[in-house]
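Written below as structure tokens is the structure these notes are about.
Model, not experiment: these values are computed from the prediction. Values reported hereafter were calculated over all heavy atoms of this structure, with side chains retained and with hydrogens, waters and symmetry mates removed.
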Amino acid sequence: MARRKKIYEGKAKILYEGPEPGTLVQYFKDDATAFNAQKKDVVDGKGVLNNRLSEFFMTGLNNIGVPTHFIRRLNMREQLVRSCEIIPLEVVVRNFAAGSLSTRLGIEEGTPLPRPIVEYCYKDDKLGDPLVTEEHIAAFGWASQQDMDDILSLALRVNDFLSGVMMAVGIKLVDFKIEIGRVYEGDFQRLVVADEISPDSCRLWDIETGQKLDKDVFRRDLGNLTDAYTEVARRLGVMPKSAQPMSKPTLIN
Ligand code: 5GP
């Protein structure tokens with residue numbers, strides 16, 4: 001059997017050459033990392049859940065006309081995606097203060113922000129993905145002004161969509177990170193939402209209890225990560241059949 005070609009291996013995913021030109025197979029691992037991989041573990045089932053959840057969010061975005069790299073899910077851990085050139089920026093959108101924003105500016109976690117705040121970080125693990133401004137992005141040629149206008153518009157559309165979807169199942173979208181890719185079509189390039197959208201890259205809090213249902217459970221040792229992600233998947237109705245909780249035993253009279 002021929003071995004397929006590995007294009008790239010990251011902390012949580014592997015990219016393989018796809019079956020047709022311009023496609024890749026994106027494989028979701030169970031590895032969990034935080035604090036620039038200083039904290040590491042293997043979380044059974046995380047890859048399966050993130051594959052499903054990313055499929056759900058990316059399909060929803062495609063359906064409302066927000067272009068993404070997602071083509072279709074292939075199996076429990078893999079999806080077929082369009083190959084794209086990743087812009088070396090992490091685009092973060094925040095609705096409530098949390099994480100590095102709270103630390104940096106001394107704003108209490110959970111404080112509602114007056115409007116969504118969009119931040120850019122330069123994707124470089126060695127540097128710890130530092131926060132950068134549009135001045136840096138333009139000066140170092142990571143993206144053009146037209147790209148930045150398109151990225152801002154995409155980020156805010158993703159925010160509106162995800163906020164609504166999560167609110168409908170009793171979850172507050174505190175913040176999230178997306179990555180943007182360039183897809184070339186003849187002489188033209190189009191920007192698409194790439195990578196993944198999952199509880200690994202979002203902060204999700206239960207509206208009633210404030211319970212964290214995202215990777216902060218792992219980062220801050222708050223409990224079982226798979227349980228948290230399974231709860232998100234269950235509420236969205238995308239839990240794989242095999243992961244359905246066992247029904248309680250019932251007495252047969
Ligand atoms: P913060 O800047 O507060 O650490 O993160 C803001 C949001 O972006 C959080 O939802 C966090 O999960 C996400 N995020 C930031 N950097 C990364 C990253 O390198 N990987 C992933 N998966 N998510 C990130």
Side-chain angles (χ1 to χ4, degrees), residues 3-18 23-58 68-84 86-92 98-100 121-130 162 174-181 193-204 211-234 236 238-240 242-243:
R3 201 183 177 85
R4 63 183 168 173
K5 188 167 165 202
K6 192 191 279 188
I7 305 288
Y8 173 79
E9 177 155 7
K11 286 173 279 194
K13 295 185 296 295
I14 305 174
L15 291 173
Y16 295 100
E17 196 170 60
T23 65
L24 294 171
V25 173
Q26 181 164 262
Y27 176 97
F28 287 76
K29 302 195 279 187
D30 279 344
D31 300 24
T33 62
F35 313 120
N36 208 3
Q38 286 171 37
K39 181 173 169 135
K40 284 187 206 171
D41 206 348
V42 175
V43 178
D44 280 346
K46 179 173 87 79
V48 174
L49 284 155
N50 280 351
N51 186 25
R52 288 277 181 162
L53 283 163
S54 203
E55 172 195 17
F56 176 80
F57 295 128
M58 295 283 187
T68 81
H69 73 158
F70 179 82
I71 302 173
R72 67 188 150 84
R73 186 168 59 80
L74 296 171
N75 55 48
M76 296 275 277
R77 285 187 183 272
E78 293 177 334
Q79 46 187 244
L80 187 67
V81 299
R82 289 186 74 170
S83 165
C84 51
I86 294 286
I87 294 180
L89 296 173
E90 297 197 334
V91 181
V92 172
S100 69
C121 296
Y122 179 53
K123 252 174 81 68
D124 187 320
D125 283 342
K126 285 197 288 299
L127 300 175
D129 300 338
L162 284 183
V174 173
D175 57 31
F176 66 90
K177 180 263 308 183
I178 50 170
E179 296 188 18
I180 305 291
V193 179
D195 190 50
E196 73 178 297
I197 301 178
S198 75
D200 266 10
S201 52
C202 303
R203 283 199 174 90
L204 305 170
Q211 186 192 358
K212 293 181 174 38
L213 298 169
D214 56 65
K215 201 165 141 189
D216 276 349
V217 171
F218 172 73
R219 293 189 188 103
R220 303 181 187 186
D221 291 321
L222 299 175
N224 185 302
L225 194 69
T226 318
D227 287 353
Y229 288 20
T230 302
E231 176 61 13
V232 175
R234 188 192 64 77
L236 293 169
V238 296
M239 195 158 76
S242 59

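- Looking at Lys6 and Glu17, no side-chain N of the basic residue comes within less than 4.0 Å of a carboxylate O on the acidic one, giving no salt bridge.
- To the nearest 0.5 Å, the span separating CG on Leu213 from CD on Gln211 amounts to 5.0 Å.
- Lys11 and Glu9 are not joined by a salt bridge, as no carboxylate oxygen comes within less than 4.0 angstrom of a charged side-chain nitrogen.
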**Request:** Verify side-chain contact (heavy atoms from CB on, under 4.5 Å) between Glu196 and Lys13, making sure each step is shown before the conclusion.
**Result:** CA-CA 9 Å; Glu196 73 178 297; Lys13 295 185 296 295; 2.8 Å; yes

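- Heavy atoms from other residues, nucleotides or ligands lying under 6.0 Å from NZ of Lys40 number 12 at most.
- Inter-residue side-chain proximity for Gln79 and Ser54 is flagged as met; some heavy-atom pair is nearer than 4.5 Å.
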**Asked** Between Arg203 and Asp216, is a salt bridge (charged side-chain N to carboxylate O under 4.0 Å, His left out) present by the stated rule, with each step listed?
**Response** CA-CA 7 Å; Arg203 283 199 174 90; Asp216 276 349; 2.7 Å; yes

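- Taken to the nearest 0.5 Å, the CZ atom of Arg72 stands 9.0 Å off from the CZ atom of Phe70.
- Of the candidates Thr226, Asp200, Asp30, Lys46 forms a side chain to side chain donor-acceptor pair (under 3.5 Å) with just one, namely Asp200.
- Judged by a 6.0 Å distance limit and a 45° cone about the ring axis, Arg4 is positioned over the six-membered ring of Tyr16.
- Within the 3.5 Å criterion, the main-chain N or O of Cys121 finds no donor-acceptor partner in the side chain of Asp129.
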**Asked** Does the side-chain contact (heavy atoms from CB on, under 4.5 Å) test come out yes or no for Ile86 and Ile180, once each step is laid out?
**Response** CA-CA 6 Å; Ile86 294 286; Ile180 305 291; over 6 Å; no

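- Side-chain contact between Arg77 and Val48 is present, with heavy atoms from C-beta onward closer than 4.5 Å.
- Side chain of Asp31 to main chain of Asp41: no donor-acceptor pair is present (N/O by atom type, distance under 3.5 Å, no hydrogens or angles).
- For the pair Tyr122 and Leu127, the minimum side-chain heavy-atom distance is below 4.5 Å.
- Residues Val217 and Asn224 have side chains not in contact (no heavy-atom distance under 4.5 Å, counting atoms from C-beta outward).
- Residues Leu225 and Asp227 fail the side-chain proximity criterion, which asks for heavy atoms closer than 4.5 Å.
- Here the side chain of Asn50 pairs no donor or acceptor atom with the backbone of Ser198 at under 3.5 angstrom.
- Side chains of Val91 and Lys177 form no contact here, defined as non-hydrogen atoms less than 4.5 Å apart.
- One finds the NE2 atom of His69 at 10.0 Å from the CG atom of Leu80 (value rounded to the nearest 0.5 Å).
- Residues Leu204 and Val174 fail the side-chain proximity criterion, which asks for heavy atoms closer than 4.5 Å.
- The backbone N or O of Thr33 lies less than 3.5 Å from a partner atom in the side chain of Lys215, making a donor-acceptor pair.
- The distance from the OH atom of Tyr27 to the CE atom of Met76 is 10.5 Å, given to the nearest 0.5 Å.
- For the atom pair Met58 CE and Ile178 CD1, the distance stands at 8.5 Å (nearest 0.5 Å).
- Rounding to the nearest 0.5 Å gives a distance of 8.5 Å between OG of Ser83 and CG of Leu15.
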**Item:** side-chain contact (heavy atoms from CB on, under 4.5 Å) between Asn51 and Arg73, intermediate numbers included
**Value:** CA-CA 8 Å; Asn51 186 25; Arg73 186 168 59 80; 3.7 Å; yes

**Request:** List the steps, then state whether side-chain contact (heavy atoms from CB on, under 4.5 Å) holds for Ile197 with Cys202.
**Result:** CA-CA 7 Å; Ile197 301 178; Cys202 303; 4.2 Å; yes

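- For Arg220, the CZ atom is densely surrounded, since the number of other residues' heavy atoms within 6.0 Å is greater than 12.
- No side-chain donor-acceptor contact under 3.5 Å links Asp195 to the backbone of Glu179.
- Contact of the Lys39 side chain with the Phe218 side chain is registered, since non-hydrogen atoms from C-beta on lie closer than 4.5 Å.
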